[in-house]
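A short write-up of the structure that comes next.
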Amino acid sequence: MIAIEQVRRDPEAVRRAMQARGEPDPVGELLELDAAWRRDRTQADEIRNRRNQVNREIGHARSAGQPPAPEVIEEMRSLGRQVAQLEASAQAGEERLRELLLGLPNLPLAEVPVGSDSDSNRILRQQGQPAELDFPGLPHWELGERLGIIDFQRGAKLSGSRFYTTSGAGARLERALISWMLDLHTAEHGYTELALPAVVRRDVMEGSGNLPKFADNLYHDADDDLWLIPTAEVPITNLYRDEIIPPGRLPLYYVAQTPCFRREKAAAGRDTRGIKRVHQFNKVEMYQFVEPESSAAELERLLGHAEEICRRLGFSWRVLELCTGDMGFAAAKTYDIEVWAAGCREWLEVSSCSNCTDFQARRANIRYRPEPGGRPRLPHTLNGSGLALPRVMIAIIENNQQPDGSVIIPEVLRPYTGFDRITPPQPPAPGG
RNA sequence: GGAGAGAUGGCUGAGCGGACGAAAGCGCCGGUCUCGAAAACCGGAGUACGGGCAACUGUACCGUGGGUUCGAAUCCCACUCUCUCCGCCA
């Protein structure tokens, strides 16, 4: 949520930001609502003040044995009615204002390239070249089935399209990746590991900005009004909801592996083959609560932590700086990391690293106290995948496939997998 | 699932419908004392919003939402959460 104070102070900046985002201009309506509720609020406070004064007088008189005069009571009744009316009006205005603010995306940082869609994203750097195989390579959906490690039919049998199962070396490879990533981030990058609920309450989804606007993409249990998380960002953001973090605690660095559930309604028909876009997947997520002054530098470090995974796995990758129109709702600045997959011959997004500035903190009412006795401030929050498992699996399987149909396991994972190669269950028949 | 108890400030914990933003203790911050610390003593300190250049000032907040009343931390209703016991269960 953006601050109404900022709209008051610099309406032009907000107007420009929303335009860069491709949003309709909300400023006029915001300012009108704001002025109206402040007027109601001030009047209600004044009448209340009067009422409180008379109340005290009644109390004093009463303890001196004097009951209040009927006309005094009558005035109090009248004041009560006025207060109730003004308050109802102020409350309605405040709710509409909040609703409007909740519907607005974060303001992009000044350096974010302006553009309406992914065509305007800027390629910041590229490490390595898109690898070419010197034999006809296979996409992972074929490799996975031939190796007997990914089963799409049975996934669909259990849960429908866009679900899959892994088995044997495939399941082990994913578990190894998860352990290795968590170990790397905790041991070398300073993160604290969290284990978290995968279902959360409605107000938690609202705190993170997924509800009400993005209900379409969420799975939901109606009986208990519980929602399946689309990313660990949701529960982590809400850890400190409605709290004031004591002095000296920031920065807080967290990493968590959770399943992520996405209905992908908006992407119906896209990426239907393989495990590139599925309804349930695992993701290792990094998350930071930091002081506002350091969030810009922290985003660069966070990005580096995600890139380190790519480097050690031997990937070729590139870093994109997203333009204003392509960024997520809560982000003020976002880097995407894409790795090259030689089988489907695509750059796959494996990480999205964002500085959400104070947007989530304000929305979820998370504050911190800079020093003992100091005024509470809003921290900045950052999140980044580190990394999303299915697409990492894709890249490993496709890039490391061998002419004989086997797949070489990257060196760093071998202590975790216990094997250095995945081989087909039987020698592949000639011609497949 | 059944039965019961509870929710007040950073924590513990008082609070006959009117003087209550709320006793007291602990903790915290500042000061006196001390070479320094501890102890003792003195003082300070909640959060949000409105008005004001500011000093300041007004209002709200005792789990949440309603209700009764001139007036609610206090009375009534609903909900949420926590704890204890029983049952069931990985």
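In what follows, every heavy atom counts, from backbone to side chain, and hydrogens, waters and symmetry copies are set aside.
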[N] [atom2] sits how many Å from [X] [atom1], rounded?
X      : N      : atom1 : atom2 : value
A/N365 : B/rU64 : CG    : P     : 13 Å
A/R241 : B/rG63 : CZ    : P     : 18 Å
A/D40  : B/rG51 : CG    : P     : 13 Å
A/E243 : B/rG9  : CD    : P     : 14 Å
A/D34  : B/rC49 : CG    : C1'   : 11 Å
A/R98  : B/rC49 : CZ    : C1'   : 14 Å
A/L86  : B/rU59 : CG    : P     : 15 Å

With both distances kept under 3.5 Å, what pairs with [N], Watson-Crick or G-U wobble?
N      : result
B/rC53 : none
B/rC29 : B/rG43
B/rA90 : none
B/rG4  : B/rC83
B/rA19 : none

Should the heavy atoms of other residues, nucleotides or ligands under 6.0 Å from NZ of A/K213 be counted, would the total exceed 12?
-> yes
Mark yes when over 12 heavy atoms from residues, nucleotides or ligands other than A/R154 sit less than 6.0 Å from its CZ; otherwise mark no. no
Under 4.0 Å between a side-chain nitrogen and a carboxylate oxygen: does that hold for [X] and [Y]?
X      : Y      : value
A/E298 : A/R301 : yes
A/D216 : A/K265 : no
A/E206 : A/R201 : no
A/R98  : A/E95  : no
A/E32  : A/R96  : no
A/R277 : A/E264 : yes
A/E308 : A/R312 : yes

Whether A/W227 and A/H220 hold their rings parallel, tilted or perpendicular, with breakpoints at 30° and 60° = parallel
Open item on the list: Check the orientation of A/H185 and A/Y191. Use parallel for under 30°, tilted for 30 to 60°, and perpendicular for over 60°.
Closed with: perpendicular
Looking for any heavy atom pair under 4.0 Å, which part of the strands does [X] touch: base, sugar-phosphate only, or nothing?
X      : result
A/P376 : sugar-phosphate
A/R39  : nothing
A/R56  : nothing
A/R369 : sugar-phosphate

Closest to the 5' end of RNA chain B, once A/Q53 and A/I4 are matched to their nearest nucleotides, is A/I4
Judged by nearest nucleotide, the residue sitting upstream toward the 5' end of RNA chain B, A/W37 or A/E87, is A/W37
Enumerate the protein-to-nucleotides 52-58 of chain B contacts in which both atoms are nitrogen or oxygen and the separation is below 3.5 Å.
unit_1	atom_1	unit_2	atom_2	d
B/rG58	O3'	A/N49	OD1	3.2
B/rG58	N2	A/D45	OD2	3.3

Quick note, A/Q91 side chain, CB onward, closest among B/rG51, B/rG66, B/rC49 is B/rG66
The nucleotide from B/rG51, B/rA48, B/rU59 with an atom nearest the side chain of A/R38 is B/rG51
Can you see if the side chain of A/R8 gets near the phosphate of B/rG50 - specifically, an N or O under 4.0 Å from OP1 or OP2?
yes
### Task
Report yes if at least one side-chain N or O of A/R367 is closer than 4.0 Å to OP1 or OP2 of B/rA48; otherwise report no.
yes
Readout for nucleotides 69-80 of chain B: B = base within 4.0 Å of protein heavy atom, S = sugar-phosphate only, - = neither; 5' to 3' it is -BS---------
